[in-house]
Engineer: 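The structure that follows is given in the form of structure tokens.
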Number of protein chains: 2
Amino acid sequence: MNIGEAAEATGVTAKMIRHYEQIGLIKAAGRTGAGYRVYGPNDLSTLSFIRRSRDLGFSIAQIRDLLALWQDRARASSEVKRIANEHIEEMREKMRLLQDMVGTLEHLSANCHGDARPDCPILQQLATGDAETSCC
Amino acid sequence: MNIGEAAEATGVTAKMIRHYEQIGLIKAAGRTGAGYRVYGPNDLSTLSFIRRSRDLGFSIAQIRDLLALWQDRARASSEVKRIANEHIEEMREKMRLLQDMVGTLEHLSANCHGDARPDCPILQQLATGDAETSCC
DNA sequence: CGTGCACCTTCCCATCATGTCAAGGTCAAG
DNA sequence: CTTGACCTTGACATGATGGGAAGGTGCACG
């Protein structure tokens, strides 16, 4: 199986497959006489695993660990769970930060006329750091 | 005022001030005879404006627009509000994506024993794409 | 006046995951 | 044999930021 077919089958682009090989996330694929990379069912499973991990937002480093655990028959599920929970916490933290920013900006936007006049609490806040519109 | 003092005063690192100058976000600072950049009160205001904008998650491109509006006395606040609302929507979208990932992963994690045994619904899902633990 | 230290300058490289583009080799069908 | 689709490597870009090297400047203290 060529890299293009493997890409099609797993949803990982050919570009990324080569990249993952280069950074050592996956082992180097076999080659034909002409130098084409060749992929078998095992490789496809690994690539699909990576794709699903990325879809869940795991970083390359985390995927590296997950792959190692996946291929370790003596693994403890606690370790997998730890990585997952860590990642959940990271994502929750990102959401918190976004929520804070959205909250502030929503408040400012709500107090902005949004018409042709130039005065605007959003710019006011950005310029001075004063909330001026501490209305509530 | 030196770049270091300006950085201290505004919370924008010297590194980033130079960078913003290079990409044309701020105009080139004046220089002393020796080539040191010099900053005045106006420059500090601009840098603080940028810093607050970044704290609210605006991209450089958006900040460029906001700065232009800020310096335009004939601006319409509707334009500022539009940029802000656009940004709010972007952030909400990011939160939605995160929430989806967190939801899925939480579900998997909740069904993982997290003990010394190797079987683990998280790895199961990553490997096969089957939710196996469609318990509820 | 000299020395040392903190600061400044420019320039290059790294991150992270991904995309784009270019120049050239290979394969299969017509 | 040509054409077109595919493969190869390599370089460069993104966005915002950090790190570091190599060399010049400013100031205070002895």
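Because the structure is a prediction, the values reported are computed rather than measured. Here is the naming used below: chain letters follow the sequence lines, and residue numbers restart at 1 for every chain.
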Engineer: Strictly below 4.0 Å: does A:Arg31 bring a side-chain N or O up to OP1 or OP2 of C:dG25?
Structural biologist: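 Negative; the distance criterion is not met.
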
Engineer: Compare all side-chain heavy atoms of A:Thr46 with those of A:Gln71 and state whether any distance is below 4.5 angstrom.
Structural biologist: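 Side chain of A:Thr46 against side chain of A:Gln71, heavy atoms only: contact under 4.5 Å found.
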
Engineer: With heavy atoms under 4.0 Å as the rule, sort A:Arg54 into base, sugar-phosphate or nothing.
Structural biologist: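 Here A:Arg54 touches the backbone only, sparing every base.
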
Engineer: Rounded to the nearest angstrom, tell me the gap between atom CZ in B:Arg18 and atom P in D:dG18.
Structural biologist: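 Rounded to the whole Å, the gap is 12 Å.
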
Engineer: D:dT17 C1' sits how many Å from B:Met16 CE, rounded?
Structural biologist: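 Interatomic distance, CE of B:Met16 to C1' of D:dT17: 5 Å.
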
Engineer: Show the numbers, then the answer: is there a side-chain contact (heavy atoms from CB on, under 4.5 Å) between B:Met101 and A:His87?
Structural biologist: CA-CA 10 Å; B:Met101 296 191 287; A:His87 180 42; 5.5 Å; no

Engineer: For the pair made of CE in A:Met1 and C1' in D:dC7, what is the distance, rounded to whole Å?
Structural biologist: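 That distance rounds to 15 Å.
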
Engineer: If each of B:Ile3 and A:Ala61 is mapped to the nucleotide of DNA chain C with the nearest heavy atom, which maps nearer the 5' terminus, i.e. the 5' end?
Structural biologist: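 On the 5' side of the pair lies B:Ile3.
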
Engineer: Need one value for B:Ser59: base, sugar-phosphate or nothing, where a base atom within 4.0 Å counts as base even if backbone is also close, heavy atoms only.
Structural biologist: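 Sugar-phosphate, backbone atoms only, no base.
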
Engineer: Output yes when a side-chain donor or acceptor of B:His113 lies under 3.5 Å from a complementary backbone atom of A:Ser77, and no otherwise.
Structural biologist: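 No, the answer is negative, given that no donor and acceptor are paired below the 3.5 Å cut-off.
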
Engineer: When all nucleic acid strands are considered with a 4.0 Å heavy-atom cut-off, which category describes A:Tyr20: base, sugar-phosphate, or nothing?
Structural biologist: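 Counting heavy atoms under 4.0 Å across all strands, the contact made by A:Tyr20 is with sugar-phosphate only.
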
Engineer: Starting from P on C:dA17, measure out to CD1 on A:Ile26 and report it in whole angstrom.
Structural biologist: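 Taking atom P of C:dA17 as the reference, CD1 of A:Ile26 is at 14 Å.
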
Engineer: To the nearest Å, how far apart are B:Glu21 CD and D:dA16 P?
Structural biologist: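 Going from CD in B:Glu21 over to P in D:dA16 covers 18 Å.
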
Engineer: If you check the A:His19 side chain, which of C:dT18, D:dA16, D:dG10 turns out closest?
Structural biologist: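 Of all the options, the side chain of A:His19 is nearest to C:dT18.
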
Engineer: If you assign each of B:Gly4 and A:Tyr36 to its closest nucleotide in DNA chain C, which residue comes earlier from the 5' end?
Structural biologist: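 Closest to the 5' end, via its nearest nucleotide, is B:Gly4.
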
Engineer: Figure out the CG/P separation between A:Asn2 and C:dG25, and round it to whole Å.
Structural biologist: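 Roughly 19 Å, once rounded to whole Å.
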
Engineer: Using a heavy-atom cut-off of under 4.0 Å over every strand shown, decide if A:Thr13 touches base, sugar-phosphate, or nothing.
Structural biologist: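 Touches sugar-phosphate only.
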
Engineer: Calculate the interatomic distance between B:Glu5 atom CD and C:dA6 atom C1'; express it in whole Å.
Structural biologist: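 Computing the B:Glu5:CD to C:dA6:C1' distance gives 12 Å.
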
Engineer: Heavy atoms only, 4.0 Å cut-off, all strands: where does B:Arg37 land among base, sugar-phosphate and nothing?
Structural biologist: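 B:Arg37: backbone/sugar contact only, no base atoms under 4.0 Å.
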
Engineer: With rounding to the nearest 0.5 Å, note down the distance linking CD in A:Glu79 to CG in A:Asp72.
Structural biologist: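 Atom-to-atom, A:Glu79:CD and A:Asp72:CG are 10.0 Å apart.
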
Engineer: Any idea which of D:dT25, C:dT10, D:dG19 is nearest the B:Ala34 side chain?
Structural biologist: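 When the side chain of B:Ala34 is considered, D:dT25 is the closest of D:dT25, C:dT10, D:dG19.
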
Engineer: Would you say A:Met16 and A:Tyr36 are hydrophobically clustered, going by side-chain heavy atoms of ILVMFWY under 4.5 Å?
Structural biologist: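 No; tracing contacts between hydrophobic side chains, which count when under 4.5 Å, never links both residues.
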
Engineer: Please report the distance, rounded to the nearest Å, between CZ in A:Arg64 and C1' in C:dC16.
Structural biologist: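 Rounded to whole Å, this separation is 13 Å.
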
